[in-house]
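This report concerns only the one structure given below.
Quick note on labels: first sequence line is chain A, next is B, and so on, each numbered from 1. Nothing here was measured: the structure is a model prediction, and the numbers come from that model. The figures here come from the full heavy-atom set of this structure, side chains too, leaving out hydrogens, waters and symmetry mates.
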There are 2 protein chains.
Amino acid sequence: MSPDQPGQSPPDLPATSYVVLGLLSFGRELTGYDLRKWAMNLRFFYWSPAQSQIYTELRRLRSHGLVCERTEPQRRRPDKRYYRITPAGLAAFDAWLIEEPVAPPTLKHPVALRLFFGHRAAPERLRSALTSYLEWARAQTTDLAELRAALGADFPYPDLVAAWGEQHYAAEIAAAEATLTALDQPPDHRATPDTPG
Amino acid sequence: MSPDQPGQSPPDLPATSYVVLGLLSFGRELTGYDLRKWAMNLRFFYWSPAQSQIYTELRRLRSHGLVCERTEPQRRRPDKRYYRITPAGLAAFDAWLIEEPVAPPTLKHPVALRLFFGHRAAPERLRSALTSYLEWARAQTTDLAELRAALGADFPYPDLVAAWGEQHYAAEIAAAEATLTALDQPPDHRATPDTPG
DNA sequence: ATGGGCATGTAACGAGTTACATGATTTT
DNA sequence: AAAATCATGTAACTCGTTACATGCCCAT
């Protein structure tokens with residue numbers, strides 16, 4: 001597939017394309033493998049795509065001329081491919097960042113879903129789901145703190161998001177704990193768990 | 001397609017099937033249209049499926065004998081279809097609720113994503129994205145409060161989730177406000193926005 | 001020498017979306 | 001009379017996932 005000619009209207013790419021493009025907008029030359037690792041760090045506030053998807057997006061971006069590829073031949077296995085964002089890619093990314101309307105977040109919260117259908121479950125099941133979730137959320141918090149430490153002062157905006165994430169998980173922990181407490185009360189005496197503070 | 005015979009291992013259905021099944025597990029006979037409206041209330045913590053998806057799931061569930069259908073003939077348009085959960089459906093739902101491992105939540109937060117790539121955007125753009133988000137989050141809070149009022153005391157578990165949701169949005173509002181403040185500081189003087197309290 | 005990280009890829013699949021079509025009934 | 005709501009459905013599409021395959025290089 002030949003690259004698109006310059007000067008045409010910005011192709012509207014799937015969200016994941018822009019994620020990859022954004023990761024490359026920091027200016028570094030990266031492999032698909034590298035990109036996957038970076039994308040993993042988005043998991044705290046944006047789901048990270050499957051490995052195979054990254055490679056698909058890179059091929060797509062390349063077909064649009066938004067990234068360029070440098071191959072290093074390997075013996076007895078596929079070439080190693082390094083990707084770098086092109087000026088056109090940077091322009092497309094900026095246009096997306098500035099012009100594209102920002103959709104509200106979507107959340108898929110299986111724990112809350114189980115709780116919603118609590119009338120069909122034994123209370124211990126709900127308690128255990130909540131407890132596991134608490135554990136997971138606490139782990140996320142420490143992971144985020146580690147990430148922030150690794151990021152250092154070089155990436156102020158990612159750091160801002162990571163800080164947001166820390167607050168997010170702290171709130172989730174508080175809410176889950178409040179729910180666990182509320183679950184101990186018999187349903188009719190159950191008080192609305194208020195937002196603390 | 002003929003319904004599956006009883007006694008076989010629980011078919012593993014997509015998540016949305018269980019959402020529909022769960023909605024029917026309250027015992028009421030509902031139309032696809034009704035279900036869609038109910039499913040909308042899940043949007044606060046679980047994305048709600050497209051309308052066409054609900055109908056697809058209902059056909060799927062029926063083909064597995066997990067719901068039964070009652071049709072009311074209409075003149076000059078498709079039959080009106082009422083659905084009710086079957087004992088097999090209730091069993092399948094309970095099995096899912098009790099046995100299926102509970103996955104951690106996934107979040108897709110376009111606002112945070114934009115902020116992450118803030119190095120390519122003008123500060124006003126980031127501020128305006130955050131401000132719109134704040135407005136949206138506040139609207140969610142009032143919507144949730146209305147929902148809780150409408151739910152009354154009949155649905156204790158959904159109410160518990162709604163209370164969780166209120167805390168969630170309150171936290172998001174606080175975090176977005178903190179980020180907005182942090183954005184006003186020059187990057188080098190920028191303090192980590194701490195969790196208040 | 002065994003396992004884990006690096007690194008790229010293919011194939012099959014399906015869930016879910018968007019857009020469209022139709023038309024009755026109720027509300028304004 | 002118009003608009004919103006009720007109500008069901010089809011068709012085309014694609015994003016994204018899971019599972020698999022290959023093989024190098026490095027550490028223990």
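- The number of heavy-atom neighbours closer than 6.0 Å to CZ of Arg28(A), taken from other residues, nucleotides and ligands shown, is 12 or below.
- When heavy atoms are screened at a 4.0 angstrom cut-off, Thr56(A) is found touching no nucleic acid atom at all.
- Ring centroid separation for the pair His109(A) and Tyr133(A) comes in under the 6.0 Å cut-off.
- Atom pair Lys37(B):NZ and dA4(D):P shows a separation of 17 Å (rounding to whole Å applied).
- Between Pro49(A) and Tyr82(B), the one whose closest nucleotide on DNA chain D sits nearer the 5' end is Tyr82(B).
- One finds a side-chain N or O of Tyr33(B) lying less than 4.0 angstrom from the OP1 or OP2 phosphate oxygen of dC6(D).
- Put simply, CD on Glu72(B) is 10 Å from P on dT8(D), counting in whole angstrom units.
- Picking from dG16(D), dA7(D), dT18(D) the nucleotide with the shortest atom distance to the side chain of Tyr55(B) gives dA7(D).
- Protein atom CG of Asp34(B) is 15 Å distant from nucleotide atom P of dT5(D), rounded to whole Å.
- Between Trp47(B) and dT17(C) there is a side-chain polar atom (N or O) within less than 4.0 angstrom of OP1 or OP2.
- The interatomic distance linking Arg76(A) (CZ) with dA7(C) (C1') rounds to 17 Å, in whole Å.
- With hydrogens and angles ignored, a donor-acceptor pair closer than 3.5 Å exists between the side chain of Ser52(A) and the base of dT18(D).
- Between dC6(D) and Thr31(B), no contact under 4.0 Å exists linking OP1 or OP2 to a side-chain N or O.
- Separating the CZ atom of Arg43(A) from the P atom of dT17(D) is a distance of 15 Å, rounded to the nearest angstrom.
- There is no side-chain donor-acceptor pair under 3.5 Å between Asp184(B) and Thr181(B).
- Relative ring orientation between Phe117(A) and Phe26(B) is described as tilted, the plane-to-plane angle lying within the 30° to 60° band.
- Rounded to whole angstrom, the span from the CE atom of Met40(B) across to the P atom of dC6(D) amounts to 11 Å.
- Across all strands shown, Glu57(B) has heavy atoms under 4.0 Å from sugar-phosphate atoms exclusively, and none from any base.
- For the pair Arg59(A) and dT10(C), the criterion of a side-chain N or O lying under 4.0 Å from OP1 or OP2 is met.
- Proximity note for Pro14(B) (side chain, C-beta onward) versus dT18(C), dG16(C), dC15(D): the nearest is dG16(C).
- Across all strands shown, Arg60(A) has heavy atoms under 4.0 Å from sugar-phosphate atoms exclusively, and none from any base.
- Position along DNA chain D of the nearest nucleotide to Glu69(B) versus Arg75(A) favours Glu69(B) as the more 5'-ward residue.
- Interface remark: the Gln74(A) side chain does not form any donor-acceptor pair with the dG23(D) base, using a distance-only criterion of under 3.5 Å.
- At least one side-chain nitrogen or oxygen of Arg81(A) sits closer than 4.0 Å to the OP1 or OP2 atom of dG9(C).
- Rounded to whole Å, atom C1' of dT18(C) lies 12 Å from atom CD of Gln53(B).
- Note: Phe45(B) and Phe116(A) meet the aromatic proximity criterion, with ring centroids under 6.0 Å apart.
- Nucleic acid contact for Arg77(B): base, since at least one base atom lies under 4.0 Å from a heavy atom of the residue.
- A straight line from CD of Gln51(B) to C1' of dT8(D) spans 7 Å, rounded to a whole angstrom.
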*Chi angles and distances behind the salt bridge (charged side-chain N to carboxylate O under 4.0 Å, His left out) call for Arg127(B), Glu124(B)*: CA-CA 5 Å; Arg127(B) 293 186 56 84; Glu124(B) 314 96 65; over 6 Å; no
